[in-house]
**Student:** 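I have a structure here, written as structure tokens, and I will follow up with some questions on it.
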Amino acid sequence: LLPFADNFETTVSVRYDDISAVSDNVNGGDIDRGDDDITYKISGLFTANDWLSLRGSFGTGFKAPSMREIGEPLSEFGVTSGTFVCPFLDPNDPLNPFCRQSATGDQYDVFRQGSGELTFETSEQYTFGAVIQPLDNFDMTVDYWNIELENLVERLTESQIFNNAETYRNLFTTKTNLATGQEFLAIIQAAVNAGTRKQSGVDYSFNYDMEIGGTQLDLSLLGTYMIE
């Protein structure tokens with residue numbers, strides 16, 4: 001806490017994270033590489049007068065994937081909830097023989113799996129807003145916030161995999177039908193770094209209290225307006 005003046009103060013915090021690799025106790029060795037990072041946050045509060053304060057902050061973040069997202073072994077996960085036409089219709093494609101030959105689409109088997117190649121998520125976020133109290137029994141706050149996540153870790157949806165089959169070709173495999181011995185196409189919903197996500201919005205709150213017949217009544221309205 002750094003009080004530069006009676007009506008202005010700043011808080012600075014720094015954090016270091018060192019995440020070790022996930023070990024494979026069955027086969028030996030490490031599944032991933034682990035990672036480390038330094039993150040920080042700077043926030044400030046300016047009290048303009050008795051009824052108005054301005055505040056803001058800027059910071060960075062660092063998040064490790066879960067152990068399941070990293071180390072989950074290939075495991076069956078049912079079938080797709082939707083129906084899809086096989087994306088490998090070229091007869092020369094090595095995956096074509098495993099297609100289900102339906103013109104209107106079929107359900108496909110699904111596997112889940114972790115990935116030791118995941119990059120840890122990082123983020124930058126900032127906020128600025130005001131606290132206003134024009135009356136003793138009424139106050140309001142309004143804060144704009146903006147967050148940008150990089151290397152977002154998530155599992156791709158069925159549609160993302162089938163609609164971008166060439167991009168995610170490595171997420172297609174086969175599964176043998178135990179009754180017939182025939183192999184059919186299947187997908188792997190593995191954890192991947194899906195890219196960047198940006199979100200912003202405005203948080204607001206209004207608080208009013210009154211006394212009715214000796215009873216204290218507190219009224220509040222809270223919400224968030226999403227911009228993107």
Side-chain angles (χ1 to χ4, degrees), residues 1-2 10-44 56-81 94-95 108-128 143-175 185-201 203 224 226 228:
L1 180 64
L2 305 174
T10 299
T11 302
V12 179
S13 59
V14 179
R15 172 172 173 164
Y16 173 70
D17 288 283
D18 187 358
I19 311 296
S20 61
V22 176
S23 299
D24 187 340
N25 293 329
V26 175
N27 301 310
D30 294 329
I31 299 175
D32 70 327
R33 303 178 301 274
D35 205 352
D36 66 294
D37 198 11
I38 296 175
T39 55
Y40 62 89
K41 181 178 180 180
I42 302 172
S43 59
S57 67
F58 178 85
T60 60
F62 172 74
K63 179 184 177 184
S66 69
M67 293 186 67
R68 181 178 291 273
E69 290 169 333
I70 294 173
E72 181 179 15
L74 187 67
S75 54
E76 295 184 19
F77 198 68
V79 298
T80 57
S81 58
L95 291 177
Y108 286 82
D109 289 293
V110 179
F111 291 92
R112 300 240 316 186
Q113 188 177 34
S115 173
E117 301 301 317
L118 292 175
T119 300
F120 289 18
E121 293 180 4
T122 58
S123 63
E124 286 188 354
Q125 53 273 331
Y126 63 88
T127 68
F128 58 84
D143 292 283
Y144 170 81
W145 52 267
N146 185 291
I147 302 174
E148 181 173 351
L149 296 168
E150 293 186 349
N151 300 315
L152 183 67
V153 177
E154 62 182 17
R155 294 186 188 272
L156 298 176
T157 66
E158 303 163 0
S159 296
Q160 287 174 316
I161 295 173
F162 275 95
N163 294 337
N164 302 276
E166 287 303 321
T167 300
Y168 300 117
R169 191 181 184 91
N170 63 310
L171 297 183
F172 285 88
T173 186
T174 60
K175 181 182 178 183
L185 199 66
I187 62 171
I188 304 172
Q189 284 191 301
V192 299
N193 288 115
T196 299
R197 174 184 293 168
K198 295 182 179 180
Q199 293 179 304
S200 63
D203 291 338
T224 298
M226 295 297 299
E228 64 173 328

**Student:** Between Gln125 and Gly59 (side chain of the first, backbone of the second, donor and acceptor by atom type, cut-off under 3.5 Å), is there such a pair?
**Tutor:**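 Yes, Gln125 side chain to Gly59 backbone: donor-acceptor pair under 3.5 Å.
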**Student:** Would a distance-only check, ignoring hydrogens and angles, find a side-chain to backbone donor-acceptor pair under 3.5 Å from Asn193 to Asn151?
**Tutor:** yes
**Student:** Write down the atom of Ile188, the atom of Ile161, and the distance for their closest heavy-atom approach.
**Tutor:**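 Taking Ile188 first and Ile161 second, the nearest heavy atoms are O-CD1, 3.8 Å.
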**Student:** Could you please spell out the steps behind the side chain to side chain contact (heavy atoms under 4.5 Å, CB included) verdict for Val14 and Ile38?
**Tutor:** CA-CA 7 Å; Val14 179; Ile38 296 175; 3.8 Å; yes
**Student:** Kindly indicate whether the side chain of Asp17, heavy atoms from C-beta on, has any atom under 4.5 Å from the side chain of Asp37.
**Tutor:**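 No, their side chains stay 4.5 Å or more apart.
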**Student:** State, to 0.1 Å, how close Arg155 and Gln113 come at their nearest heavy-atom pair, and which atoms those are.
**Tutor:** NH1-O, 3.1 Å
**Student:** State whether the side chain of Thr173 and the backbone N or O of Ala186 hold a donor-acceptor pair below 3.5 Å, judged by distance alone.
**Tutor:** no
**Student:** Between Phe162 and Thr80, which heavy-atom pair has the shortest distance, and what is it?
**Tutor:**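 For Phe162 and Thr80, the tightest heavy-atom pair comes out as CE1-CG2, 4.2 Å.
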**Student:** For Arg169, I'd like to know if atom CZ has over 12 heavy atoms of other residues, nucleotides or ligands within 6.0 Å.
**Tutor:** yes
**Student:** Give, for atom OG of Ser159 and atom CG of Asn164, the distance between the pair rounded to the nearest 0.5 Å.
**Tutor:** 10.0 Å
**Student:** Is the shortest side-chain heavy-atom distance between Asn146 and Glu228 below 4.5 Å?
**Tutor:**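 In contact.
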**Student:** Please report the interatomic distance CD(Glu148) to OG1(Thr122), rounded to the nearest 0.5 Å.
**Tutor:**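 Output value for this atom pair is 8.5 Å.
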**Student:** Considering non-hydrogen atoms only, spot the tightest contact between Thr127 and Trp145 and give its length.
**Tutor:** CG2-CB, 3.7 Å
**Student:** Any side-chain heavy-atom pair from Ile42 and Thr10 closer than 4.5 angstrom?
**Tutor:** yes
**Student:** With a 4.5 Å limit on heavy-atom distance, are the side chains of Val12 and Tyr40 in contact?
**Tutor:** no
**Student:** Give a yes or no on whether the backbone of Leu156 and the side-chain of Gln189 come within a donor-acceptor separation of less than 3.5 Å.
**Tutor:**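 Yes; judged by distance alone, with no hydrogens or angles, the pair exists.
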**Student:** Rounded to the nearest 0.5 Å, what separates atom OG in Ser57 from atom CZ in Phe128?
**Tutor:**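 Separation between the atoms: 10.5 Å.
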**Student:** Hey, what do you get for CG (Leu185) to OH (Tyr108), rounding to the nearest 0.5 Å?
**Tutor:**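 Going from CG on Leu185 over to OH on Tyr108, the span is 6.0 Å.
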**Student:** What is the minimum heavy-atom distance between Val79 and Glu158, and which atoms define it?
**Tutor:** O-OE2, 4.3 Å
**Student:** Side chain of Glu121, backbone of Leu149: donor and acceptor closer than 3.5 Å?
**Tutor:**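 Side chain of Glu121 to backbone of Leu149: no pair is present.
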**Student:** If the plane angle is over 60° it's perpendicular, under 30° parallel, otherwise tilted; pick one for Phe62 and Phe120.
**Tutor:**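 Ring orientation, 0 to 90° scale: tilted.
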**Student:** Looking at side-chain heavy atoms only, is the closest gap between Asp109 and Glu76 below 4.5 Å?
**Tutor:** no
**Student:** For Phe77, look at atom CZ and say whether over 12 heavy atoms of other residues, nucleotides or ligands are found less than 6.0 Å away.
**Tutor:**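 No, not enclosed.
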**Student:** How many angstroms lie between CD in Gln199 and CD1 in Ile147, if you round to the nearest 0.5 Å?
**Tutor:** 6.0 Å
**Student:** Restricting to non-hydrogen atoms, name the atom on Tyr144 and the atom on Ser200 that form the minimum distance, rounded to 0.1 Å.
**Tutor:**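 For Tyr144 versus Ser200, the nearest heavy atoms are OH-CB, 3.5 Å.
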